There are 2 protein chains.
Amino acid sequence: MGLICAQRPALPPEPLAALDSPFNPDFLEPMRDAKPNKEKSPAKAASGDRPAGVRRPDAARIPGSSVHASLASEIGLRIVRGDYPPGTILPNEAKWSETFSVSRSAVREAIKMLMAKSLLASRPKIGSWVEPKERWNLLDRDVLAWYATSPDREVFLKTVQEFRHIIEPEATAFAAMRRTDEQMAEISQACREMGEATSLQERTRADTRFHLAILRASGNDLLVPLGVLIESAFDHLFAYTTRELDDLQHAQKLHEAIEKNIRLQRPDAARNAVRKLLANTDGVIRSR
Amino acid sequence: MGLICAQRPALPPEPLAALDSPFNPDFLEPMRDAKPNKEKSPAKAASGDRPAGVRRPDAARIPGSSVHASLASEIGLRIVRGDYPPGTILPNEAKWSETFSVSRSAVREAIKMLMAKSLLASRPKIGSWVEPKERWNLLDRDVLAWYATSPDREVFLKTVQEFRHIIEPEATAFAAMRRTDEQMAEISQACREMGEATSLQERTRADTRFHLAILRASGNDLLVPLGVLIESAFDHLFAYTTRELDDLQHAQKLHEAIEKNIRLQRPDAARNAVRKLLANTDGVIRSR
DNA sequence: GATCGCAATATTGTCTGACAATACACATAA
DNA sequence: TTATGTGTATTGTCAGACAATATTGCGATC
């Protein structure tokens, strides 16, 4: 055996139960055996009338779950989760292909997607290895989603909230200085819809739109991609959100204060208003 | 013709001169003709002893310039540059394949990489289209690099610097609170090497390491990926960096103040020290 | 004439099989 | 021991085929 840590033994006792796509559980069926049966290409297998290549009956019904996308999710999740620590050489393409009974092209496309997110790198004769964690693009929507499942929800939420404390007050101050009227309209509308929402989900959606609109209005293109963090935060915050009417109304007032200060172009006041809102959110989290 | 804006006419007068890989200029030669020659698979073509598929002689010598990687860079750059505005349907895979004389697989792998960066999305029968700019992952290393070439250097630098003002003071304050001894050692070493550097390039490298180490020491995983911004900033700042000895020494002192305050675990002082450094950098930029 | 349904069609998605390029690992030779 | 060459495993690239999909336009029906 070489020096480099080799791949794990394909996780034989853990046959990859539920895949990513929630509605299509066993779409990617794991390797059931090394040698399935002999009649591979010849005669059509029994009842099915699919001519040559063995093909699963109804593939990729859900938009985001083509074979390569599912593969990328599965492998990406495993990497972020720590199944293959940084530096590890992954199973080779043929192995993945066999494990999931998909073509090598699909595997390659999945791996290319993970390479684009800096989770992997590869070279001929070596294979694909996991990149050092510092290189991972944690702010990528998918990577963030995978990452959110790995540590404690609590820890993840704390990290995200801390990040929001850094970003949002300043972004909001910039928005107060540079917003256009159109951007202001988006912010105001989202704020209004928050107040008028009849369900918690509806409210959360409007809340998300509110904060994303502020990021866009900040006038700094680089702040916009951080919206994925806010979306993720709200996804994971949902379980914590209060059902108390008092708290809801208080939160609404805090949002309206932000809206007002952006509208009146008062950067400092807007910044402080956001700080208050974030402190309030922190309190909600802590009290659970 | 359909309603949706169709692809541009393949840019016939602009035959894609210099590709991304600086050392391998005409690696991807654009479509020279639709029908190259007839003897494709049969006899080996003249002197060359390559058996069947026509293949460029020395391909992919530079690590990052495999065919699919070059393609991704080229297409990605065009998208970010604005050749294909958001909503535009791209030329289809067969077209790219023909244009660059590469296989469809290579095109697909390139497109999959761009999809992973949220620059593209696609569906059968429709094609691949450019995603709205808000979805682009501008904080991705590659996207950022492409983005850096498109607007004015000046504007780009200003945006990045503004972002640094938001992030780095807080990150440094956290580092002062939470750094481990190992992380402190990295920071101190980078700071020392900055002072001892004999070339501007060497100094810039150490400078970059210094700031990245601080981000890592902040104890917030989500701050680490923002390192690409700092790297990019220094890349583009290089032209501005001072050669005046006085300024150099002043900058060095500012860095050492940061190092010291992190070492002594004084968050507020560290934050202020970073603010001073950034103000100094802003001054350098403005004065040119 | 308007609306609905259906087929034609264009494009991505997937599979298969083959060969090239690469660089580590080992055996061999100096 | 060191240097050199060969073996070999893995990704990279190519080619060709068919499936899945959803728009588009046409035709049928109300």
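Small disclaimer: the values here were computed from a predicted structure and weren't measured. In what follows, every chain begins at residue 1, and chains take the letters A, B, ... in the order their sequences are listed.
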What does B/Ser122 touch in the nucleic acid at a heavy-atom separation under 4.0 angstrom: a base, only the sugar-phosphate, or nothing?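 B/Ser122: backbone/sugar contact only, no base atoms under 4.0 Å.
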
[N] [atom2] sits how many Å from [X] [atom1], rounded?
X	N	atom1	atom2	answer
A/His68	D/dA20	NE2	P	16 Å
A/Arg108	C/dG13	CZ	P	17 Å
B/Met115	C/dG13	CE	C1'	10 Å
A/Lys95	D/dA9	NZ	P	15 Å

Residues two or more places apart in sequence or in another chain: which of them pass side-chain hydrogen bond (donor to acceptor under 3.5 Å, both in side chains) with [X]?
X	answer
B/Ser199	none
A/Thr180	A/Gln183
A/Arg104	A/Glu93

Are A/Val102 and A/His68 side-chain neighbours, meaning at least one heavy-atom pair lies under 4.5 Å?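 No; the side chains remain at least 4.5 Å from each other.
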
State which residues pass side chain to side chain contact (heavy atoms under 4.5 Å, CB included) with B/Thr149; sequence neighbours excluded, sorted by chain then number.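 B/Leu77.
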
What's the closest nucleotide to the [X] side chain, out of [options]?
X	options	answer
A/Asn92	D/dT10, C/dC24, C/dT12	D/dT10
A/Ser66	C/dT11, C/dG13, C/dA23	C/dG13
B/Ser103	D/dC14, C/dC24, C/dG13	D/dC14
B/Pro124	C/dT12, D/dT10, C/dC15	C/dT12

Respond yes when some side-chain nitrogen or oxygen of B/Lys112 is under 4.0 Å from OP1 or OP2 of C/dT12, and no when none is.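 False: B/Lys112 side-chain N/O out of range (4.0 Å or more) of C/dT12 OP1/OP2.
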
Hey, can you pull the donor-acceptor pairs under 3.5 Å for the side chains in residues 228-235 of chain A, sequence neighbours left out?
residue, atom, partner, partner atom, Å
A/Glu231, OE1, A/Arg141, NH2, 3.0
A/Glu231, OE2, A/Arg141, NH2, 3.0

Checking only heavy atoms, does the side chain of B/Arg104 share a donor-acceptor pair with the base of C/dG13 at less than 3.5 Å?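 Present.
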
State, without any angle test, whether B/Ser70 and B/Glu74 hold a side-chain donor-acceptor pair at a distance under 3.5 Å.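 Short answer, no.
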
Show me the protein contacts with nucleotides 7-9 of chain C, counting only N or O atoms at under 3.5 Å.
residue, atom, partner, partner atom, Å
C/dT9, O2, B/Lys125, NZ, 3.4

